[in-house]
Amino acid sequence: MTDRLKSLEWKNNVLYLLDQRKLPQKQEYLACTDYKEAAQAIRTLAVRGAPAIGITAAYAMVLAVLAFTARGLSGESLRHAFYAAGEVLEQARPTAVNLSWAVREMEKTFDSAEDDKRCETLTRRAMAMEEEDKQLCHSMAVHGADLFSGKKNLTILTHCNTGTLATAGTGTALGVIRELFRRGQLSAVYADETRPVLQGARLTASELRKEGIPSILICDDMAALVMKTKKIDAIIVGADRIAANGDTANKIGTYGLAILAAYHHIPLYVAAPFSTFDFSIPSGNHIVIEERNPDEIRYVGNTQIAPADMPVFNPAFDITPHTLISGIITERGVISHPDKDSVANYERSISHG
Ligand SMILES: CSC[C@H]1O[C@H](OP(=O)(O)O)[C@H](O)[C@@H]1O
């Protein structure tokens, strides 16, 4: 199997992050030894993708506790410093709930760990989080591909990047696509470029080409024509935060794809693990949408494409109402036509193990 692009690696108490800003031209790694470096990597999208930034934050909190302990901090001063580091990481990006979920998990592990084993316990928890994500990706891939049992020559459209660069495993939406390819059911993938940061053109295209998965790159504004003329069997996307009624925050442009899909009677599926659900909020209206640096739109790479003083609106995500979602592919199966009742059943299945 061709080596896949890995988003991150923990080795000898150093967190190596593949700098996704440099892809596809260069494969360079950031060697993070300080939690603030990891926070900056999340903030600048050197590492991105909801699950990947959650796992990055978990390892960054290990870096924090190693540094604080080495400085002789202990007891309440250590706990205060550790929680403060978590706050810095959590504030790096507001929309993906995986980030705050991971910080809460590490705080719980910190508080329950024995003093003399705290660093080891936290390291094991972060490594377990990474391993869990690999398993979650596999389970989602199986449940997602099973949706298409018996179907051949499938053509799937996907948005942004949801593969090995966004997770610790084979991906969420892209993990399902990989499994369909492995099962011999896939005819082609249409990947859109995903302006302004171009995760589709730069990252998804790289992942698909590297593995010989038949794929076609399109501009975002071609989606309507492609749905009208190219026999799209389904649209599969990822998620950054899913509310208790199934409303889903995902990369900007997803909401438009969902409206187009409904018009063309094409099912749209969201693939996401339990750590992407925010059961504490009743609907998508409560999800904070990150607004990013205007220069992400005024420039493509280093090339200026708009006046330097041009006012810009740059939301990184939008909200797709659950009524436009045919199913949410999770590690426990598919929540078909999600609503507050079916999502509540899923939550119960998670909390009851
Ligand atoms: C597997 S979740 C990936 C999810 O994250 C992306 O956002 P970003 O690239 O800004 O981190 C996008 O919303 C994807 O669906």
Side-chain angles (χ1 to χ4, degrees), residues 5-8 17-21 23 41-57 92-102 130 133-134 136-141 144 157-178 191-207 220 235-242 248-258 268-278 284 287-293 296-297 314-320 325 328-331:
L5 293 167
K6 276 188 72 175
S7 56
L8 58 94
L17 299 173
L18 176 56
D19 188 343
Q20 299 188 32
R21 297 170 298 185
L23 292 172
I42 293 170
R43 206 174 289 121
T44 58
L45 305 193
V47 61
R48 33 71 44 209
I53 63 178
I55 296 160
T56 295
R93 295 187 76 188
T95 303
V97 69
N98 312 58
L99 180 50
S100 47
W101 175 84
E130 180 181 0
D133 190 60
K134 290 174 184 173
L136 292 169
C137 287
H138 174 72
S139 301
M140 284 188 284
L157 187 149
T158 193
H159 186 59
C160 197
N161 174 257
T162 60
T164 57
L165 292 169
T167 66
T170 54
T172 57
L174 214 50
V176 175
I177 289 168
R178 280 187 164 100
D192 66 28
E193 60 183 359
T194 318
R195 282 272 297 152
V197 180
L198 303 174
Q199 289 94 328
R202 296 187 303 108
L203 309 178
T204 298
S206 300
E207 290 195 42
D220 300 331
I235 295 163
I236 311 177
V237 298
D240 291 82
R241 191 181 293 245
I242 303 173
T248 295
N250 195 51
K251 182 52 52 198
I252 186 72
T254 306
Y255 175 41
L257 286 175
L268 179 135
Y269 295 102
V270 171
F274 71 93
S275 53
T276 307
F277 285 77
D278 182 352
I287 297 175
V288 172
I289 299 296
E290 175 187 12
E291 290 199 32
R292 294 188 58 82
N293 184 329
E296 283 185 355
I297 293 184
N314 184 18
F317 303 98
D318 56 25
I319 306 292
T320 299
I325 298 172
I328 300 178
I329 300 163
T330 77
E331 68 287 356

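In each ligand, atom 1 is the first atom listed, and ligand 1 is the first ligand listed. Note that the numbering runs from 1 along the sequence shown for the chain.
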In residues 45-53, what donor-acceptor pairs under 3.5 Å come from side-chain atoms, sequence neighbours left out?
unit_1: Arg48; atom_1: NH1; unit_2: Gln20; atom_2: OE1; d: 3.1
unit_1: Arg48; atom_1: NH1; unit_2: Asn161; atom_2: OD1; d: 2.8
unit_1: Arg48; atom_1: NH1; unit_2: Leu165; atom_2: O; d: 3.4
unit_1: Arg48; atom_1: NH2; unit_2: Asn161; atom_2: O; d: 2.7

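Looking at residues two or more places apart in sequence or on another chain, you find no ring-ring contact (aromatic ring centres under 6.0 Å, His included) involving Tyr255. Applying the salt bridge (charged side-chain N to carboxylate O under 4.0 Å, His left out) criterion to Arg43, with sequence neighbours excluded, gives no partner residue.
Shown are Asp278, Asn98, Thr248; of these, the side chain to side chain donor-acceptor pair (under 3.5 Å) with Arg241 is made only by Asp278.
With salt bridges taken as basic N to acidic carboxylate O contacts below 4.0 Å, one links Arg292 and Glu290.
Contact of the Leu18 side chain with the Leu23 side chain is registered, since non-hydrogen atoms from C-beta on lie closer than 4.5 Å.
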Quick check on ligand 1: any N or O pairs to the protein under 3.5 Å? One line per pair.
unit_1: ligand 1; atom_1: 5 (O); unit_2: Asp240; atom_2: OD2; d: 3.2
unit_1: ligand 1; atom_1: 9 (O); unit_2: Arg48; atom_2: NE; d: 2.9
unit_1: ligand 1; atom_1: 9 (O); unit_2: Arg48; atom_2: NH2; d: 3.2
unit_1: ligand 1; atom_1: 9 (O); unit_2: Gln199; atom_2: NE2; d: 2.9
unit_1: ligand 1; atom_1: 10 (O); unit_2: Arg93; atom_2: NH1; d: 3.4
unit_1: ligand 1; atom_1: 10 (O); unit_2: Arg93; atom_2: NH2; d: 2.7
unit_1: ligand 1; atom_1: 10 (O); unit_2: Lys251; atom_2: NZ; d: 2.7
unit_1: ligand 1; atom_1: 11 (O); unit_2: Gly49; atom_2: N; d: 2.8
unit_1: ligand 1; atom_1: 11 (O); unit_2: Arg93; atom_2: NH1; d: 2.9
unit_1: ligand 1; atom_1: 13 (O); unit_2: Asp240; atom_2: OD1; d: 2.5
unit_1: ligand 1; atom_1: 13 (O); unit_2: Asn250; atom_2: OD1; d: 3.2
unit_1: ligand 1; atom_1: 13 (O); unit_2: Lys251; atom_2: N; d: 3.1
unit_1: ligand 1; atom_1: 15 (O); unit_2: Asn250; atom_2: OD1; d: 2.5

